[in-house]
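A short worksheet on the structure shown next.
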Amino acid sequence: MKLSVCILILQNLLSAAIGKIPNRPHVILILADDLGWNDVSWHNRNILTPRLEEISADGVRLEKSYVSPKCSPSRAALMTGRYPWRLGMQRGAIERYQATGLNTSIQILPEYLKSAGYATHIVGKWHLGFCNEAYLPTRRGFDSFFGQYSHVTGYYDRRIDATNYKPEQKGHDLRDGEKVSYEGKGMFSTELYSRKAVEVIKNHKSSQPLFLYLAYQAPHGPVTAAPRKFSRMYAGRSTGTHSMNMATTITALDAGVGQVFDALKEHGLYDNSVFIFSTDNGGAVRSSSNLPLKGNKEQLYEGGIRGVGFVNSPFLAQKGDTNRLMYITDWFATIMNMAGLKNQIPADVDSFNVWKSISQRKKSPRNEIMLSIDQDNLWGTWAAGLIQNNWKLVWGQSYLLKQKKENESCNFELYNIKKDPLEKDNVAKGGKMKKKVKEMKDRIMKEFFNMVPADYPPEISRGWPVHFGGVLSSGWCEAKI
């Protein structure tokens, strides 16, 4: 009896020791683009993501990790630790020729990490503004950048070639640092970005802490056929509700993440690393991406905001799935703490250090998520969302106000997302649950006065590539400060 108690105490002590992160580990942060709940093999056996499944099974899967329902808002929240509605970025993603970007007066994550001695690199999609040089990643704390400024380019040619664009709006979008790049022409962008990320790892000296932010475009649409080796993996198999192009694009993403993970081990960085994977928002394909969850990208329903994510690290005390509540802003404080920068975290961020709740199954420090607050007086539209413990209120339209649904502004939907994760039963219907609705409305209105009005200007022709030799370029707007 005494021996078994001693063994148990020793096991607990060892777990606690493993769960403690040494100061300044390498941090690899991978963001998929529009990867839905139903787009990974552990939620959908028709989709092949063997490496994601393997790496996440040997780590912690984050089954209640929430994100913004749109690209730029999630990226801004990740980089600043602030809710998008406190940045004026709650209405939608930055459109390609909007004269705006992430406020340059706000210090962002790579700037802090660089001050702590980190080498900071970004590969892939930026999507936080480029119309002024001050918005560029290399002006905001990253030592290097290889990737695209805007939300989507051709998977094989890095061309902006939207079907509704005039010839003057079309152009090339790929940079190495701030120089135009044509590297990898004809190469699937997922494979190109994976290769460049592996190069960063291969060339890095392990004595210096590394922050690598790998932001894939995949599987953002419009998707094209991935290299044939991925379609061969589906020979004789059904892709279910997914198109073959979407399924293979996801599987190519899976392979790329696996290559980056393997490179960490091969080059001796893994033993002092934290490997984080998340989507930026829910999937965009209504018929398949987020099933069985309700809703899609751009919506405040679970399908738009409940993100696929996981952590793999030798410093995890426990492995498996966790339902501890977290939001994409929480990576900011969590990584800052890892880097020994706890005392530099601004007091006004909407971010918690969730490492203990991930690694040791401690209670999450977060009990609510203010999903969005936005008002458009011109159109008379309103959208707000709040999660408090097991309750979720969607007030007004379920879509971000980029879409105008004036007749939904006075709607109330209340769900017990623990009992009803598929949001089938609006318990506020017919005027029920008035006390709970009022309580959550009052909480939203308390924060309404902290809302920054949405910065969502019209697109302008001054930013078209025709003015810059056919290349997406800076130099056509004032920076927001």
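All residue numbers in this chain count up from 1 along the given sequence.
- Within the 3.5 Å criterion, the main-chain N or O of I373 finds a donor-acceptor partner in the side chain of Q90.
- Atom NZ of K446 sits about 9.5 Å away from atom CE of M370, to the nearest 0.5 Å.
- Between H43 and W37, the ring-plane angle classifies as parallel under the 30° and 60° cut-offs.
- Looking at K438 and D442, a side-chain N of the basic residue comes within less than 4.0 Å of a carboxylate O on the acidic one, giving a salt bridge.
- Salt bridge status for E111 with K114: absent, with no side-chain N to carboxylate O gap under 4.0 Å.
- Within the 4.5 Å cutoff, no side-chain heavy atoms of S68 are placed close to those of W85.
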side-chain contact (heavy atoms from CB on, under 4.5 Å) between T381 and K405, worked out: CA-CA 7 Å; T381 53; K405 300 180 181 294; 5.8 Å; no
What verdict does the side-chain contact (heavy atoms from CB on, under 4.5 Å) test give for F261 and Y270, after you've listed the backbone C-alpha separation in whole Å, the side-chain angles of each residue and the deciding distance to 0.1 Å? CA-CA 8 Å; F261 185 78; Y270 175 78; 3.6 Å; yes
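- For the atom pair I47 CD1 and D254 CG, the distance stands at 11.0 Å (nearest 0.5 Å).
- Salt-bridge annotation for R443 and E447: present, with a side-chain N of the basic residue lying under 4.0 Å from a carboxylate O of the acidic one.
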After noting the C-alpha distance and the side-chain angles of L78 and L109, does the key distance pass the side-chain contact (heavy atoms from CB on, under 4.5 Å) rule? CA-CA 8 Å; L78 176 67; L109 183 60; 5.7 Å; no
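- For the residue pair R306 and N323, the shortest heavy atom distance occurs at NH2-OD1, 4.4 Å.
- Note: W395 and F412 meet the aromatic proximity criterion, with ring centroids under 6.0 Å apart.
- Side chains of C71 and K297 form a contact here, defined as non-hydrogen atoms less than 4.5 Å apart.
- Nearest heavy atom pair, residue G92 against residue K70, reads C-CG, 3.9 Å.
- Using a 4.5 Å heavy-atom cutoff, the side chains of L371 and L386 are not in contact.
- Rounded to the nearest 0.5 Å, atoms OG1 (T329) and CZ (R366) are 4.5 Å apart.
- The list of side chain to side chain donor-acceptor pair (under 3.5 Å) pairs with a residue in residues 420-431, not counting sequence neighbours, reads K392-E423.
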Full working for side-chain contact (heavy atoms from CB on, under 4.5 Å) between S278 and I30: CA-CA 6 Å; S278 177; I30 299 179; over 6 Å; no
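- Of the possible donor and acceptor atoms, none in the side chain of S351 sits under 3.5 Å from a partner among the backbone N and O of G81.
- For S144, the side-chain hydrogen bond (donor to acceptor under 3.5 Å, both in side chains) test picks out H121, with sequence neighbours left out.
- In this structure, R82 pairs ionically with D348, as a charged nitrogen and a carboxylate oxygen lie closer than 4.0 Å.
- For the residue pair S41 and T49, a side-chain donor N or O sits within less than 3.5 Å of a side-chain acceptor on the partner.
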Decide yes or no on ring pair (Phe, Tyr, Trp, His ring centres under 6.0 Å) for Y327 and Y83, but give the supporting numbers first. CA-CA 9 Å; Y327 187 59; Y83 286 129; 5.6 Å; yes
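- At least one side-chain heavy atom of E63 sits less than 4.5 Å from a side-chain heavy atom of W42.
- Donor-acceptor pairing under 3.5 Å is recorded for the side chains of H242 and D39.
- Neither side chain, S372 nor D374, offers a donor N or O lying under 3.5 Å from an acceptor on the other.
- Look at R45 and E53 and you find a salt bridge, because one of the NZ, NE, NH1 or NH2 atoms lies within 4.0 Å of a carboxylate O, short of that distance.
- No donor-acceptor pair closer than 3.5 Å links the side chain of S359 to the backbone N or O of K356.
- W126 has its side chain within reach of F142: a pair of non-hydrogen atoms, C-beta onward, lies under 4.5 Å apart.
- In this structure a side-chain-to-backbone donor-acceptor pair under 3.5 Å is present from Q208 to G117.
- Shortest non-hydrogen contact noted between L401 and A383 is CD2-CB, 3.7 Å.
- Counting only distance, with no hydrogens or angles, the side chain of Q98 and the backbone of T100 share no donor-acceptor pair below 3.5 Å.
- Classified by interplanar angle (parallel below 30°, tilted 30° to 60°, perpendicular above 60°), the ring pair Y301/Y415 is perpendicular.
- Using a 4.5 Å cut-off on side-chain heavy atoms (C-beta onward), K436 and L414 make contact.
- Using a 4.0 Å cut-off between charged nitrogen and carboxylate oxygen, K265 and D271 do not count as a salt-bridge pair.
- Residue H26 comes nearest to L210 through the heavy atom pair ND1-N, 3.1 Å, listed as atom of the first residue, atom of the second, then distance.
- Put simply, the side chain of S206 does not reach to within 4.5 Å of the side chain of H267, judged on heavy atoms.
- Using modelled atom types, one side-chain atom of T279 and one backbone atom of L35 make a donor-acceptor pair closer than 3.5 Å.
- Closest non-hydrogen pair, A218 versus T190, comes out as CB-OG1, 3.4 Å.
- Ring centroids of Y118 and F211 are separated by 6.0 Å or more, keeping the two rings apart.
- A salt bridge does not link K294 with E302: every distance from a Lys NZ or Arg NE/NH1/NH2 to an Asp or Glu carboxylate oxygen is 4.0 Å or more.
- Geometrically, K125 does not engage Y216 in a cation-pi contact, judged by NZ or CZ lying under 6.0 Å from the ring centre and within 45° of the ring axis.
- Under the 4.0 Å criterion applied to side-chain N and carboxylate O atoms, K196 and E199 are assigned as salt-bridge partners.
- Of the possible polar contacts, none joining the N390 side chain to the K419 backbone as a donor-acceptor pair under 3.5 Å is found.
- A salt bridge links D376 to R91: at least one charged side-chain nitrogen sits closer than 4.0 Å to a carboxylate oxygen.
- With rounding to the nearest 0.5 Å, the separation of CG in L214 from OG in S194 is 6.5 Å.
- Nearest heavy atom pair, residue G124 against residue F145, reads O-CE1, 3.5 Å.
- Using a 4.0 Å cut-off between a side-chain N of Lys or Arg and a carboxylate O of Asp or Glu, D33 and R75 qualify as a salt bridge.
- Remark: side-chain polar atoms of T251 are paired, donor with acceptor, to backbone N or O of L48 under 3.5 angstrom.
- Taking OG of S398 as the reference point, atom CD of E298 lies at 10.5 Å (rounded to 0.5 Å).
- Counted by atom type alone, S74 and N281 present zero donor-acceptor pairs between their side chains at under 3.5 Å.
- Between F448 and W382, the distance from one ring center to the other falls under 6.0 angstrom.
- To the nearest 0.5 angstrom, I305 atom CD1 is 12.0 Å from I328 atom CD1.
- Counting only heavy atoms from C-beta outward, the side chains of Y66 and M326 never approach each other to under 4.5 Å.
- Looking at Q148 and Q217, their side chains do bring a donor and an acceptor atom within 3.5 Å of each other.
- With hydrogens and angles disregarded, a donor-acceptor distance shorter than 3.5 Å links the side chain of N38 to the backbone of S288.
- Note: F277 and F310 have parallel aromatic rings, judged against thresholds of 30 and 60 degrees for the angle between ring planes.
- Of the N and O atoms on the side chains of E95 and Y456, at least one donor lies less than 3.5 Å from an acceptor on the other residue.
- Side-chain atoms of T104 come within 3.5 Å of backbone N or O of K480 as a donor-acceptor pair.
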